[in-house]
Novice: 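One structure coming up, written as structure tokens, with questions to follow.
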Amino acid sequence: MMESICSPRGGVSFFNLLELHILKCLRKEFGLPMQRIRLALEEYNETEKSEHPLLDHRLETDGIHLFLHDGDEYMNLNRPKQRGFPQILSTYLRRIDRLADGRIDFYPFIVGRDIHEPRTIKISPGVAFGRPVLAGTGIATDVIAGRFRARDSISDLAEEYGVSASIVEDAIRWELPYLNAA
């Protein structure tokens, strides 16, 4: 399992990808300055000792501070020894599923940053060697996008793969930056 989640040649590992997802949320969605995030992570590491603190499902924010939600209490990581009650929960953390067997599935945002956005694309080290796939299938998004680029229609692709047209569109949206580069 460790080989599939670590980058073998100095690239970005699966855990790094997830941490970047959370860091983007903290910086872009909540506007937290990097200095505040660093200080909170230092405080976190004083007690928790995790290699990937941004992936802790107990981490939450109110848009001003980072908190560690432990039971009924919220420890303010930016103001040690203070408790707090954040009003906004991070929707980014809800896009990461921790399965009972220890695997992790990541469902990136495709269109917006809404908690109700469908989970149509999945990235998991144990599926298709970590390539993005249509959730619930092993169909890689780059395969669908490549066929679309080769002039297959969305409706034909949806019918062939047994998924809705909106899921095919999400795969194409996900791969769009790569389609334009080719």
Side-chain angles (χ1 to χ4, degrees), residues 1-127 130-133 135 141 170 173-178:
M1 176 92 175
M2 259 331 243
E3 289 180 32
S4 64
I5 58 177
C6 295
S7 177
R9 291 180 211 98
V12 177
S13 74
F14 181 65
F15 286 146
N16 294 148
L17 174 67
L18 297 178
E19 288 177 308
L20 288 170
H21 170 75
I22 299 303
L23 189 59
K24 178 181 177 182
C25 168
L26 295 172
R27 298 277 295 131
K28 300 291 183 192
E29 299 297 321
F30 293 104
L32 292 176
M34 199 61 211
Q35 182 179 6
R36 185 171 294 155
I37 295 169
R38 274 193 211 102
L39 290 172
L41 294 177
E42 287 173 11
E43 180 63 27
Y44 175 95
N45 283 327
E46 289 293 317
T47 58
E48 301 301 317
K49 309 290 187 214
S50 171
E51 288 185 34
H52 304 284
L54 289 175
L55 300 183
D56 191 325
H57 66 280
R58 301 172 300 158
L59 190 66
E60 297 183 11
T61 185
D62 63 354
I64 300 169
H65 301 287
L66 287 173
F67 295 86
L68 189 62
H69 181 188
D70 198 10
D72 291 333
E73 295 188 10
Y74 290 85
M75 183 174 80
N76 187 334
L77 295 171
N78 293 112
R79 295 192 173 154
K81 311 298 185 242
Q82 284 190 9
R83 302 292 180 206
F85 301 95
Q87 299 168 351
I88 303 170
L89 303 179
S90 175
T91 58
Y92 278 65
L93 283 170
R94 293 183 182 157
R95 304 295 287 194
I96 300 170
D97 287 349
R98 291 159 180 81
L99 307 175
D101 63 3
R103 290 181 297 128
I104 297 176
D105 291 340
F106 170 43
Y107 299 88
F109 292 112
I110 308 302
V111 178
R113 305 293 185 273
D114 186 336
I115 190 169
H116 301 292
E117 181 177 325
R119 296 170 158 218
T120 55
I121 307 297
K122 176 173 112 172
I123 301 173
S124 180
V127 177
R131 290 169 52 201
V133 298
T141 58
D170 280 352
R173 277 187 198 97
W174 176 256
E175 293 291 335
L176 195 59
Y178 309 110

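Note that the numbering runs from 1 along the sequence shown for the chain.
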Novice: If we ignore hydrogens and angles and just use 3.5 Å, is the side chain of D105 paired with the main-chain N or O of L99 as donor and acceptor?
Specialist: no
Novice: Do you know the tightest heavy-atom contact between P132 and I121?
Specialist: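 Answer, listing the atom of P132 first, then I121: CB-CG2, 3.9 Å.
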Novice: Give, for atom CG of N78 and atom CD of E42, the distance between the pair rounded to the nearest 0.5 Å.
Specialist: 11.0 Å
Novice: Where is the tightest heavy-atom contact between L66 and L32, given as atom of each residue plus distance?
Specialist: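 What the structure gives for the nearest pair is CD2-CD1, 3.9 Å.
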Novice: Decide yes or no on side chain to side chain contact (heavy atoms under 4.5 Å, CB included) for E19 and N16, but give the supporting numbers first.
Specialist: CA-CA 5 Å; E19 288 177 308; N16 294 148; 3.6 Å; yes
Novice: When rounded to the nearest 0.5 angstrom, what is the spacing between OG1 in T141 and CG in L176?
Specialist: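 Spacing of OG1 (T141) from CG (L176) equals 11.5 Å.
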Novice: Side chain to side chain contact (heavy atoms under 4.5 Å, CB included), that's the test. Do W174 and T120 meet it? Break it down for me.
Specialist: CA-CA 10 Å; W174 176 256; T120 55; over 6 Å; no
Novice: From L41 CG over to L77 CG, what is the distance, rounded to the nearest 0.5 angstrom?
Specialist: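 Between atom CG of L41 and atom CG of L77 there are 8.0 Å.
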Novice: Out of curiosity, C25 SG to R95 CZ, how far, rounded to the nearest 0.5 Å?
Specialist: 12.0 Å
Novice: Under the salt bridge (Lys or Arg N to Asp or Glu O under 4.0 Å) rule, collect the residues that match up with R119, sequence neighbours excluded.
Specialist: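 In terms of salt bridge (Lys or Arg N to Asp or Glu O under 4.0 Å), with neighbours along the sequence ignored, R119 is linked to D97.
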Novice: Over 60° means perpendicular and under 30° means parallel, so tell me whether F14 and F106 are parallel, tilted or perpendicular.
Specialist: perpendicular
Novice: Rounded to the nearest 0.5 Å, what's the gap from CZ on F109 to CD on E29? Could you check?
Specialist: 7.5 Å
Novice: For atom NE2 of H57, decide whether the heavy atoms of other residues, nucleotides or ligands shown that lie under 6.0 angstrom number more than 12.
Specialist: no
Novice: Who passes side-chain contact (heavy atoms from CB on, under 4.5 Å) against E48, sequence neighbours left out?
Specialist: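 Counting only residues at least two positions away or on another chain, E48 forms a side-chain contact (heavy atoms from CB on, under 4.5 Å) with Y44, R58, L68.
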Novice: State which residues pass side-chain contact (heavy atoms from CB on, under 4.5 Å) with R27; sequence neighbours excluded, sorted by chain then number.
Specialist: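 Residues passing side-chain contact (heavy atoms from CB on, under 4.5 Å) with R27: L23, M34, I37.
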Novice: Considering all heavy atoms of both residues, which atom of S124 and which atom of I104 are nearest to each other, and what is their separation?
Specialist: OG-O, 3.3 Å
Novice: Please test I96 against H21 for side chain to side chain contact (heavy atoms under 4.5 Å, CB included), starting from the C-alpha separation and ending with a verdict.
Specialist: CA-CA 10 Å; I96 300 170; H21 170 75; 4.3 Å; yes
Novice: Measure the CD1-CG distance between I22 and D56 for me, rounded to the nearest 0.5 Å.
Specialist: 10.5 Å
Novice: Walk me through it: do V111 and D170 pass the test side chain to side chain contact (heavy atoms under 4.5 Å, CB included)?
Specialist: CA-CA 8 Å; V111 178; D170 280 352; 4.2 Å; yes
Novice: For residues I123 and L18, determine if any side-chain heavy atom of one lies less than 4.5 Å from a side-chain heavy atom of the other.
Specialist: no
